[in-house]
Amino acid sequence: MTTLASVTLSNVRRFGKDVKVDLSPGATVLLAPNGTGKTAFFEAIEFALTGMVSRLGSDLTPLIRDSQALAEVRLQFTDVERAVTLRRGGKPTTNGDLTTVFGATEAEDIPYLLRLTHLLDQRERDWFVQADEKTAGSHLARLPIGRDGSVASSVLTGARRSVTESLNQASLSLSSLTSSLNEWNSFIEARDASIVEMRLPLTPQSDIADGLRSILESVASITLPAFTGITSLASGQEVLLQAVNARIEAVQRRASDVAGASGLMETYTSERERVSRLEADRAAVTESAKEPRLLIERLSQELTQCGDQLDAIGKVRSELDSYAQRAIDVAHAKEQLDRSTALFSQVAKQVELFESELAGLLARRQVMEQAVQAHESFRSRERSIARAETELSATQELVDKWREYSSSLGGLHGKIEASHRELEQLGRAYQEAVALHAACDRAAGDAKGKVNGIASTVDAMRKAVSLVAANLGADRNDCPVCGVDHGAGELRRRLQNSLEAIDPSLAAAERELHDALSQLRAADSQVAKAKTQVQDARNALAQYQVQASALTSEIDAIRSDPLVSSESSASALAALNAKAEQLRVARSTLMVDFNSLDPEPSAEDLLATRSAFERGAQKLEEIRRSSVEVRSDLSRSTQRYASLSVDFSQDRSIEQISSEIVSADQRRSAMEDTKARLSADIERERARLAAIELQAVRIERDLGSARSRIAEIRSTWTQLELPGEPSAEIGSVVELQLSAERATLERRRTQLTEYGIEIGRWRTSEQNRVAQNIIDLRRGDRTEADFSQQLQETISKERARIGDLSKLSTALDSLSSVLSAEIGDIHDRVVAIVPRWQSLLKRIVRDQRFASTDLNFYSHYKKQHASVLIPLHGATVAAPTVASEAQMTDLQLTFLLSMALSHRWSTWRGLLLDDPTQHHDLVHASSVFDVLRDYVIEHGFQVVIATHDALQARFLMRKLQNDGVASRLWTLVPTAEGVTAVADGSRKRGRPTAG
């Protein structure tokens, strides 16, 4: 398996020259305060792997350290080295082939795939879980499993398009060949038909031209060009034939018109005789109408005089009727006035009587109602006081609860303060335990180093002393070290003492190491215990705070109650006592007022009084309405009488007026009889005159009709261009002339028709020649039968080609359906990471709702779409709408881990994590570290993680070392020459990493 051994940065962002970071095959931790190059380190790796940095786009100049000319990044993998150099204003230059790392993956896909399976950077807008649906879908489509399906779909689409175009072209070619065959057959048929028609000899064209010229000379209005060929002969024949036909039609119309005019001659003569008779009758009728006109005029004058006399009599009669009617009206008005006056006096007395009775009933009713209202007011006040007493009792209960809650809240506040103090003490104890653990850890490391050093020294000394002792001769007395002659016995004693003196130092060092390890284990236990105590204290504090918050809410609810409305329970209790005293005084006052009340009338007595009053009021209202009506009648009678009697002086009696009316009626009747007689005489004479005038009108109408008919006949004669007055003899002569002209024209038309047939035969001959030329041109050296057979064979081949293309199109359609199903399976395989993703989220994210996170990956209009969905209110919503920064980081990290394990597109199983726990506390970060540790141990991943938190970095290193994971810690330190990397040491313990 490929691993990244080291990263060397030179003048990249804030890094100095040739800063080399050796990476552990297990886990490498970069401890870097903010601004010292965490993100730049990972961008440098991205730049070396892809030749670009997504954040910067095409302008990579910001990668070069300020005031430097170039930047360089070198990556040392297991079996390949990659170097990328960038100069200001230039393009990146690369050395080293990464085929062994990325295989056949397309270069443009690598930046996207790195962010799906290897790289967690701090640019949240580029995170998969943060991206819009189209962008996220396009990232997943670049996976090898998705890219193969997309390529296959694209190739299949192109193949289908090509087959469809070929099928359309073949169809057009077949249609063109079929048209060519039909056209060939039509040429053959036309030629064969013309050969049959040309069996008889043709008339010479010169003879046809002479015949046409002779006919042209007889048609003076036609001018034609010279006849120079069959085309000019044909056009001349058509023009002459049209002219002759038009001339024949004109002669026929004129002959018909002349024949019709000949039949009008008898009508013309009879109409002239009829006009003479009608003129004589008109003169006689005019003379006979004079007598009745004079008689009607005289009778009309007498009738006018009679009408004037009738108008005068009518005027007198009208004046008499008006005088009599007014006298009668005045008498009737006087009688009505007397009756209205008597009735009004009677009604006024009734109103006065009922008003007196009703006033007594009203006074009695008011007294009873006042007594009822007083007793009702007493009951209402009593209910108000009782309600206030009930509310007072409820308020008393609330105040009692308030006092109880206040007492409990005071106790909780004390517990919370004590918990705060305890938590501070436990926190300090935890920090002391952590510090002690770190000291024990360092002491254990130092002790182990000391043991290893002493053990190495002891081994070397033992070897040296043993070697000296082994090589010391029996006769040797001087010491090989100091050169002093000690003697053989003394020299061997000194060697033995040196060997024995080494063992106690080693044993002491081992005891010191054992004690340090015991203290480290005790420190581990103490840290765990302190952490548990801190968590228990926090839980207890949280519980006290929840209880205090609940009691505070209860107290606030009581304080906000309108019945309490006080700032403290003491003031509320004082207000309750004051309210109770007020209610006691109010009830005493109420009883005093009750004792002073009159007895309350019964409901039956009050109802009877009200009913009697209402009946009296109703009766009084009826009488008053009647009084109003009577008063109105009296007023109208008075006004009528006054209006009729004003300016009226009656100097005659009714009998005298009646006698004068009878006399006027008699005179009018006699005058009307005379008028009727005169009217009858006038009507009789008018009827006689009307009959005479009607006869005159008839005569005048007949006379006009006869004259009009004569004018029509003359107009027709003139239109026919016939000479003189209309005459039968002239008409017969013109008819004979027209008949002779028509016969001549018929002969000319027959000649032209024959010439047209001959011209058509000449044209057929020409068409036959042209058709034969076309046939010969098309067939070339082949016979007509061979050419026709070749066309048919070509059509058959094209039809077979269309059949093959149709089968291929059907097969491609079937393949498209199968591929669509396979692409659906690809989606399912991509989405198969969801269970592992949810499992990781359950381990890391505290809000267990995120453990149900889902990945929606689908195709829409040939485009891939993807979105991360979180459950909310029984539905799902996009992750960015509900997740915090820490939760978004956890979502992206766990997604990357799931993808890295499921979709292995690279031989390098690396995880590049830029501060993934920057929003986490130590407990939350520990969950993340546990997952990363499992990925290193169980799945063989190489993890490079950066953090700004020294506590988290040390904690992760201890966790990795305790589990035997090969790990390395680097600290990024800013210097005057740029940021450099300082190794804090490496730990390689027993358990090897997988892979």
Side-chain angles (χ1 to χ4, degrees), residues 336-400 560-566 572-639:
Q336 181 64 33
L337 178 61
D338 294 341
R339 286 196 299 273
S340 296
T341 302
L343 182 58
F344 180 74
S345 299
Q346 181 180 359
V347 170
K349 291 180 181 180
Q350 291 179 352
V351 169
E352 183 179 358
L353 177 61
F354 273 94
E355 284 179 347
S356 176
E357 293 178 357
L358 192 62
L361 288 174
L362 178 61
R364 182 181 175 189
R365 173 185 170 182
Q366 289 176 345
V367 170
M368 297 179 73
E369 287 180 345
Q370 288 175 356
V372 169
Q373 290 177 356
H375 282 274
E376 185 63 32
S377 175
F378 167 77
R379 285 190 290 271
S380 176
R381 289 167 62 190
E382 186 178 28
R383 285 193 299 271
S384 298
I385 292 174
R387 185 166 53 252
E389 290 173 346
T390 302
E391 293 176 352
L392 183 64
S393 177
T395 305
Q396 183 65 50
E397 294 178 359
L398 290 176
V399 172
D400 292 341
S560 62
D561 193 299
L563 298 177
V564 179
S565 185
S566 296
L573 184 61
L576 285 178
N577 294 332
K579 184 67 175 178
E581 181 61 23
Q582 292 175 359
L583 290 176
R584 187 188 62 75
V585 173
R587 181 169 289 281
S588 299
T589 304
L590 180 65
M591 296 308 300
V592 172
D593 293 341
F594 177 74
N595 294 329
S596 63
L597 292 178
D598 294 331
E600 183 178 10
S602 63
E604 292 79 6
D605 292 343
L606 181 59
L607 180 61
T609 303
R610 286 176 175 173
S611 298
F613 177 78
E614 290 174 357
R615 288 195 300 273
Q618 185 176 3
K619 183 65 175 176
L620 178 61
E621 184 63 26
E622 292 175 356
I623 295 174
R624 284 177 174 171
R625 285 197 298 269
S626 176
S627 172
V628 170
E629 293 175 358
V630 170
R631 184 182 289 107
S632 297
D633 291 341
L634 178 60
S635 177
R636 287 194 296 271
S637 298
T638 303
Q639 291 176 356

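Quick note: residue numbers are just sequence positions, from 1. These figures come from a predicted structure and were not determined experimentally.
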Would you mind writing out the side-chain donor-acceptor pairs for residues 614-622 within the sub-3.5 Å range, not counting sequence neighbours?
none

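Annotation: side-chain contact (heavy atoms from CB on, under 4.5 Å) contacts of Ser635 (sequence neighbours excluded): Gln639. For Ser393, the side-chain hydrogen bond (donor to acceptor under 3.5 Å, both in side chains) test picks out no residue, with sequence neighbours left out. Scanning for side-chain contact (heavy atoms from CB on, under 4.5 Å) contacts around Leu392 gives Leu576, Lys579, Ala580, Leu583, with sequence neighbours left out. In terms of the salt bridge (charged side-chain N to carboxylate O under 4.0 Å, His left out) criterion, Arg364 has no residue partners (sequence neighbours excluded). When the salt bridge (charged side-chain N to carboxylate O under 4.0 Å, His left out) test is applied to Asp338, the partners found at least two apart in sequence or on another chain are Lys334. The side-chain contact (heavy atoms from CB on, under 4.5 Å) check on Leu607 picks up Ser611, with sequence neighbours excluded. Scored by the side-chain hydrogen bond (donor to acceptor under 3.5 Å, both in side chains) test, Arg631 finds no partners at all (sequence neighbours excluded). Partners of Gln336 under the side-chain contact (heavy atoms from CB on, under 4.5 Å) rule, at least two apart in sequence or in another chain, are Arg339, Ser340, Ser637. With sequence neighbours excluded, no residue satisfies side-chain hydrogen bond (donor to acceptor under 3.5 Å, both in side chains) with Asn577. In this view, Glu581 and Arg584 satisfy the side-chain hydrogen bond (donor to acceptor under 3.5 Å, both in side chains) rule, not counting sequence neighbours.
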Item checked: Verdict with reasoning, Thr589 to Arg381, per side chain to side chain contact (heavy atoms under 4.5 Å, CB included) -> CA-CA 11 Å; Thr589 304; Arg381 289 167 62 190; 4.3 Å; yes

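Here the OG1 atom belonging to Thr395 is positioned 11.5 Å from the CG atom belonging to Leu573, to the nearest 0.5 angstrom. The CG atom of Leu362 lies 11.5 Å from the OG1 atom of Thr609; values are rounded to the nearest 0.5 Å.
Proximity of a side-chain donor or acceptor of Ser356 to a complementary backbone N or O of Glu352 within less than 3.5 Å is not detected.
Within the structure, salt bridge (Lys or Arg N to Asp or Glu O under 4.0 Å) contacts touching residues 370-380 (residues at least two apart or in different chains) are Glu376-Arg379, Glu376-Arg383, Arg379-Glu600.
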